[in-house]
Structure formats: C-alpha cells, structure tokens
Amino acid sequence: MGRGRVQLKRIENKINRQVTFSKRRTGLLKKAHEISVLCDAEVALIVFSIKGKLFEYSTNSSMERILERYESYSSAERQAANDSEHQGNWSLECPKLMARIEILERSLRNFSGEDLDPMSLRELQHLEQQIANGLKRVRARKNQLYHESISGLQKKERALHEQNNMLSKKLKENEKTTAEQANCEQQNLGPNPTSFMPPPILSLPSLSISASGPLQTREFMNENEEARAQIHPDTLQIPPWMLRHVNE
C-alpha cells in the first residue's frame, strides 16, 4: 500500500511538528539545489523556524546579489503597475476635466455678457448677484489701495516737514555761530588806527621880511601859492595866524 496524503493543516503535537519541519526543510533545500544545478537557475531560499532560527540557501553563495536583483525587479514591477494605474486613472479623468473646462469657459463668457440666450431667469438673477458681489469686492480693494496710498503720502509729507524744520534749525544755528565769530574777531582787533590819523601838516619855511622890499615878498608868495596848488586841500592844514601873516 502506498503512503496516504497528509492533510495540510497545523500539526498540534510539538515534537511531531519539529520533526516534520526538519525533514521538510532538508527536502526543500535539496530540491532548491537540484533545480539550480539542473536548470542553471539562480535560487535563493530563506526559512525562519518557529523559534526564529534562520536557514538559507543561495546559488554559488550569492544571496546579496540575488536579493538586489529581486529588489530592482520588484521596484520595476511596482513602477509599471503604478504607471498603468495612473494611465487608467488619467483616461477616466480626461473627460471629466474637459467637461469642467467647458463649464468654466461658458461661465467666463456669461460674466462678459455673452451667450446669455440659453440662460433662464433664475440663472440670470444668480449671475447678476455674482457680478454685484464681485463689483463690491473690487471697489473695496480699490478703496483699500487708495487709503494705503494716501497714508504713505502723508507719512512722506510729515518726514519732509521734519527734515525741513531740522535744516532750518541748523541754518539758524550756523548763522548765529558766524555772527558770534565775527563779533569776537572785531573785539579782538579793536579800532583801526588808520581811520583816526589826522592829515599831515605841511611845514612851510619861516618868513623873513627884509628891507629889500616887496619884490622878495611877492616872489615868496607866488612860490607859496604854487605849493598850495600841488598839495590836496583835504590834507593841507595851515594855522590861521600864518595865513593872516602871509596876507599882510
């Protein structure tokens, strides 16, 4: 009689389960080796026991290379699956997006006052309300920009006034300092001696009247008059008694 088929279910007996695991593990590793040799295939086998013990088999001891190849292949497969899924999603989303674009374009034409014939009274009222609300928002934004611009100009005006006042104050201080320096220099120099110098007095030769007569006296008077003509009248000062003596 042949061996009967073993029912595939968990073995409840712990000892029997351990014995079965050892036998089946050895057979599995043997089969992996046979398929790698017979078919020239790269095989990697990893088994963890119930206690966490590791059992492994790899072709030509190249477990890491086989795992890297498996990882790259798995990544490529996942990427291809994702691309096909996205492609299917895009194919489904494209009609929806086209319909949405058409609705938006029609709404834009309606806001511009075009294609109003197919619209009902309720739709026209709704469109009017939307335009009124949009106009309110536009006016509010415009007024806000006006107020901000006016505030900025007022700040600039105050800054210019402050700068002007500062410059005026500095100018007055400079003028005051210049005047004080001029007064100090004038006080240090004192009065100008050349402005009070009396004009020079012309010294004339003494007159001697001899018995030789009026001829010598007349000649002397002529010479005296010529000397007066050569001397500036502002700088010539003769005592009055000398003038009386000459006239005599």
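Just so it is clear, the values below take in all heavy atoms, side chains as well, and ignore hydrogens, waters and symmetry mates.
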In this structure, would [X] and [Y] fall into the same cluster of hydrophobic residues linked by side-chain contacts under 4.5 Å?
X      : Y      : value
Leu124 : Phe111 : yes
Met119 : Ile131 : yes
Met63  : Phe48  : yes

Write down the atom of [X], the atom of [Y], and the distance for their closest heavy-atom approach.
X      : Y      : result
Pro118 : Asp115 : CD-O, 3.6 Å
Ile11  : Arg17  : O-NH1, 2.7 Å
Thr59  : Ile66  : N-CD1, 4.2 Å
His33  : Tyr57  : ND1-OH, 3.0 Å

Show which side-chain atoms of residues 169-182 pair as donor or acceptor with protein atoms under 3.5 Å away, not counting sequence neighbours.
unit_1	atom_1	unit_2	atom_2	d
Asn174	ND2	Lys170	O	3.2
Thr177	OG1	Glu173	O	2.8
Thr178	OG1	Asn174	O	2.8

Subject >> Of all pairs that satisfy side-chain hydrogen bond (donor to acceptor under 3.5 Å, both in side chains), the ones with a partner from residues 131-159, not counting sequence neighbours >> reply: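 Every side-chain hydrogen bond (donor to acceptor under 3.5 Å, both in side chains) pair that includes a residue of residues 131-159, provided the two are not neighbours, is Gln129-Asn133, Arg141-Gln144, Gln144-Glu148.
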Original post:
Mind checking what makes side chain to side chain donor-acceptor pair (under 3.5 Å) contact with Gln130, not counting sequence neighbours?
Top reply: His126
Subject >> Residues in salt bridge (Lys or Arg N to Asp or Glu O under 4.0 Å) contact with Glu12, at least two apart in sequence or another chain >> reply: Arg10
Subject >> Residues in side-chain contact (heavy atoms from CB on, under 4.5 Å) contact with Ser112, at least two apart in sequence or another chain >> reply: none
Subject >> Set of side-chain contact (heavy atoms from CB on, under 4.5 Å) partners for Phe21, sequence neighbours left out >> reply: Gln18, Arg25, Val47, Ser49, Phe55
Original post:
Hey, does the side chain of Ser58 reach the backbone of Ala44 with a donor-acceptor pair shorter than 3.5 angstrom?
Top reply: no
Using 0.5 Å steps for rounding, measure from the [atom1] atom of [X] to the [atom2] atom of [Y].
X      : Y      : atom1 : atom2 : result
Ser168 : Gln163 : OG    : CD    : 10.5 Å
Leu67  : Arg65  : CG    : CZ    : 11.0 Å
Leu160 : Asn165 : CG    : CG    : 11.0 Å

Is it true that, when you exclude [X] itself, more than 12 heavy atoms of the residues, nucleotides or ligands shown sit nearer than 6.0 Å to its [atom1]?
X      : atom1 : value
Arg100 : CZ    : no
Asp40  : CG    : no
Ile103 : CD1   : yes

Subject >> Check against side chain to side chain contact (heavy atoms under 4.5 Å, CB included), Lys23 and Val19 >> reply: CA-CA 6 Å; Lys23 291 180 180 181; Val19 172; 3.7 Å; yes
Subject >> Side-chain heavy-atom pair Thr26, Lys30 within 4.5 angstrom cut-off >> reply: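 Not touching, per the 4.5 Å side-chain cut-off.
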